[in-house]
Amino acid sequence: MSDPVHAARYRALILAASTRPGAPGSAPRVLVVDVARQRLGLMEKGRLTFEAVVSTAKNGLGCEEGSYRTPTGWHRIHARIGAGAETGSVFRNRVATGDVWRGETRDEDLILTRVLTLDGLEEGWNRGPGRDSLERFIYLHGTNQEARLGSPVSHGCVRLSNADVLDLFDRLAEGDPLLIAEGTEGDGLGLGRLHFAGVGGSGMSALAQFVAMKGGRASGSDRSFDRGQRTGSRAQLEALGVRLFPQDGSGLEGDCAALVVSTAVEEDVPDVVAARRLGMPVLHRSELLAHLVARYRTVAVTGTSGKSTTVAMIFEILRGAGRDPSVITGGDLAALQGEGLWGNAWAGASDLLVIEADESDGSVVRYHPAVGVLLNLQRDHKEMDVVADMFRRFQPQVREALVVGDAENMREFATGATVFGFGPEADLRAEEVVLDADGSTFRVGSTSFRLPVPGRHNVENALAALAACRALGVQLEAMAGPLSAFQGVARRFQVLGTCGGVTVVDDFGHNPAKVAASIRTAHLRVRASGGRVLAVFQPHGFGPLKFLRSDFVAAFSDELDPRDRLWFLDVFYAGGTAARDISSAEVVGDLVARGVAAEHAPSRGWLVQRLAAEAKAGDLILLMGARDPSLTELAKAILEALPV
């Protein structure tokens, strides 16, 4: 199965050659020989419908007669020769000899099965005296040297396997255009300009930044930018060279090679409508990420909770150990933000890449990483058995090493893996664990660690990071320093400040397990002061709240102390076609029935005033929620409203 991202590559090659003399203009089918990759692809109405490994000339590229080089530029299929001939039929001078190759060893370089002759379209380049592709007997053909495909070893023609030339022969007609392309200039990834719809999202912005940092070309659109919102995020993208357009389809005109979308981008979004009209490849975000995962020596971290933090820890450990890794993630790393970046992407110079592999949209099954990390398995966006099945598909795709948590429901994945955790069966086990308000200390073997972010769940994340880095050859002793300097991830129990003895924490907690972990961590911080946890929660979608309603009620009921307080904001709605069939007030009713001191917050203004009046010295205000980029501003507004 071909990589769907290669459609962008072929389109980029076509666009780069569109101004060459003899370019055919619009055509229903275009065949492209990608010399740099030794691949051939057939593009039909924006889709890559056929791809094969080929061999071009050992002597390189050139159109001169007698050079034994493969000619470049635009051609057309001149003739289809050999229809109905037996596979392995031998041709000389475009004529079947009656001889058939049946797999035996022959020293002679044979032209087999089918012949597609090429007529150059560029006068004075691959057409005309001394450089004419047709007169030079340049073909597409089958070969008896199939084992050497993928390397430039031919005498000038383009060789394919016999099965592939049979398949291709039936797809083409005389007159179809063919481009033999040298490559694209000034494009670090060789994919042309990629346009990201919804580029302001965490996952999409990370990919756009990475493309730009690697010397590729990225553009994008986002309806929040069209509304004049999130000017800081817009400026950070533009500073990296990501060109921003209105979300009206205009960004797809000109040299755009492909549109990249996420699951949240619907078919009626103008960018998608324009891509369909233009016959442009439309790639899912995870398809582009899977392409990068395969290209690099990648660590892919998945699990229901802790992915962003674990990715950040692995990245900072590898960076601190001098490995110069790259990262693509959904959380904003404080270390990268300190360097003036958005924080969710970095392009290092090595072949190491650390990514967050999402189970919520099922995209984790697309990835084939060097090292896979399975953190945990909890009920979140999907039922646990559905996610477990994804893990079963992901496990055999890991190329070098698998790292697995030691929870009981993860045991089936432990065979052949490095198991991390707190139990006696863990290969990498934390001992002498001490949790305090600002972090933790623990020991693994003879190496002691200090982790400057609080919570037992973060010790577990750190163990996963240590195991992954050890799989890449980093010694445990070399990880202690980088881990002790870990700066955390934005909105992962991020302390914004203290006013009048009240601490305000901004947190990404949005599923029951994360909510429970955040409340436990908050209790660690107020233990010494004797204060309360004043929790605020904004559900991040109607579907998740409805699916997890009873789990949320259980998590808040079990973790909040009788003195604590809880406020539910209205469900975050980002637009689209989501069914708005549950409310925060309904869940508050469930909580009150369980004895929780919970209220529905009718507005943010009301909530700010309520918290300013309620909070007392020693209390901790914990604001939790996901997807809504304005939550941090709300947390800051709460901090500013507190009496001194």
Side-chain angles (χ1 to χ4, degrees), residues 3-6 8-9 187-191 194 196 202-216 218 240 242 260 283-303 306-333 335-336 339 341-359 363-375 394 397-403 461 464-474 479 482 486 489:
D3 183 338
V5 178
H6 291 162
R9 165 75 177 180
D187 184 350
L189 295 176
L191 299 175
L194 302 176
F196 295 81
S202 59
M204 296 289 273
S205 63
L207 279 168
Q209 291 172 84
F210 184 81
V211 168
M213 288 173 176
K214 279 295 183 182
L240 288 173
V242 179
V260 185
L283 305 172
H284 191 272
R285 173 193 66 82
S286 62
E287 292 176 321
L288 177 56
L289 186 54
H291 173 83
L292 297 170
V293 167
R295 180 169 174 161
Y296 290 88
R297 191 181 182 204
T298 300
V299 182
V301 180
T302 191
K307 293 185 291 293
S308 295
T309 300
T310 304
V311 163
M313 289 178 178
I314 294 170
F315 172 73
E316 291 197 39
I317 291 170
L318 292 174
R319 212 182 193 197
R323 299 299 182 92
D324 200 8
S326 299
V327 67
I328 298 172
T329 185
D332 301 337
L333 279 64
L336 294 177
E339 297 171 20
L341 298 167
W342 183 309
N344 55 353
W346 174 255
S350 76
D351 66 342
L352 295 175
L353 170 64
V354 190
I355 71 144
E356 187 174 332
D358 198 358
E359 88 295 339
S363 58
V364 62
V365 301
R366 297 185 189 272
Y367 307 129
H368 292 71
V371 177
V373 179
L374 299 178
L375 292 172
F394 174 73
Q397 295 169 184
V398 175
R399 305 195 305 266
E400 294 182 25
L402 185 67
V403 172
N461 293 335
L466 297 174
C469 292
R470 191 169 70 173
L472 293 172
V474 183
M479 302 186 215
F486 178 60
V489 180

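None of the values given here were measured: they were computed from a predicted structure. Scope of the values below: all heavy atoms of this structure, side chains included, with no hydrogens, waters or symmetry mates.
Residues Pro325 and Leu318 come closest through the heavy atom pair CG-CB, 3.7 Å. Here the shortest heavy-atom pairing between Ala8 and Leu194 reads CB-CD2, 4.0 Å. Nearest heavy atoms, Ala212 versus Val242: CB-CG2, 4.1 Å. In terms of heavy-atom proximity, Val373 sits nearest to Ala468 at CG2-CB, 3.9 Å. For the pair Val327 and Phe210, the tightest heavy-atom approach, listed with the atom from each and the gap, is O-CD1, 4.5 Å. In terms of heavy-atom proximity, Asp187 sits nearest to Gly216 at OD1-CA, 3.4 Å.
Each salt bridge (charged side-chain N to carboxylate O under 4.0 Å, His left out) pair with one or both residues in residues 363-374, not counting sequence neighbours, appears once here: Glu287-Arg366. For residues 314-328, the set of pairs meeting the side-chain hydrogen bond (donor to acceptor under 3.5 Å, both in side chains) definition, not counting sequence neighbours, comprises Arg319-Glu339. Applying the salt bridge (charged side-chain N to carboxylate O under 4.0 Å, His left out) test to every pair with at least one member in residues 204-216, sequence neighbours left out, gives no pairs at all. Residue pairs that meet the salt bridge (charged side-chain N to carboxylate O under 4.0 Å, His left out) test with at least one member in residues 291-303, sequence neighbours left out, are Arg297-Glu400.
In this view, Ala312 and Leu333, Phe486, Val489 satisfy the side chain to side chain contact (heavy atoms under 4.5 Å, CB included) rule, not counting sequence neighbours. Residues that satisfy the side chain to side chain contact (heavy atoms under 4.5 Å, CB included) test with Ala345, not counting sequence neighbours, are Ala206, Gln209. Shown here are the side chain to side chain donor-acceptor pair (under 3.5 Å) partners of Trp342, two or more places apart in sequence or in another chain: Asp332. When the side chain to side chain donor-acceptor pair (under 3.5 Å) test is applied to Ser308, the partners found at least two apart in sequence or on another chain are Glu356, Arg492. Listed by chain and number, the residues in a ring pair (Phe, Tyr, Trp, His ring centres under 6.0 Å) with His6 are His291 (sequence neighbours excluded). Ala357 pairs by the side chain to side chain contact (heavy atoms under 4.5 Å, CB included) definition with Ala300, Thr302, Ile355, Val364, Tyr367, not counting sequence neighbours. Residues passing the side chain to side chain contact (heavy atoms under 4.5 Å, CB included) test with Ala467, sequence neighbours excluded: Val403, Thr418, Leu428.
The shortest side-chain heavy-atom distance between Phe394 and Leu374 falls under the 4.5 Å cut-off. Thr329 has its side chain out of reach of Val354: every pair of non-hydrogen atoms, C-beta onward, lies at least 4.5 Å apart. By the 4.5 Å heavy-atom criterion applied to side chains, Thr298 and Leu292 are not counted as neighbours. In this structure the side chain of Leu352 never reaches within 4.5 angstrom of the side chain of Val299, judged on heavy atoms.
Here the CZ atom belonging to Arg470 is positioned 7.0 Å from the CE atom belonging to Met479, to the nearest 0.5 angstrom.
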### Message
Using the rule given for side chain to side chain donor-acceptor pair (under 3.5 Å), can you reason through Asn344 versus Ser205, listing the C-alpha separation, both sets of side-chain angles and the distance that settles it, and then say yes or no?
### Response
CA-CA 8 Å; Asn344 55 353; Ser205 63; 2.9 Å; yes

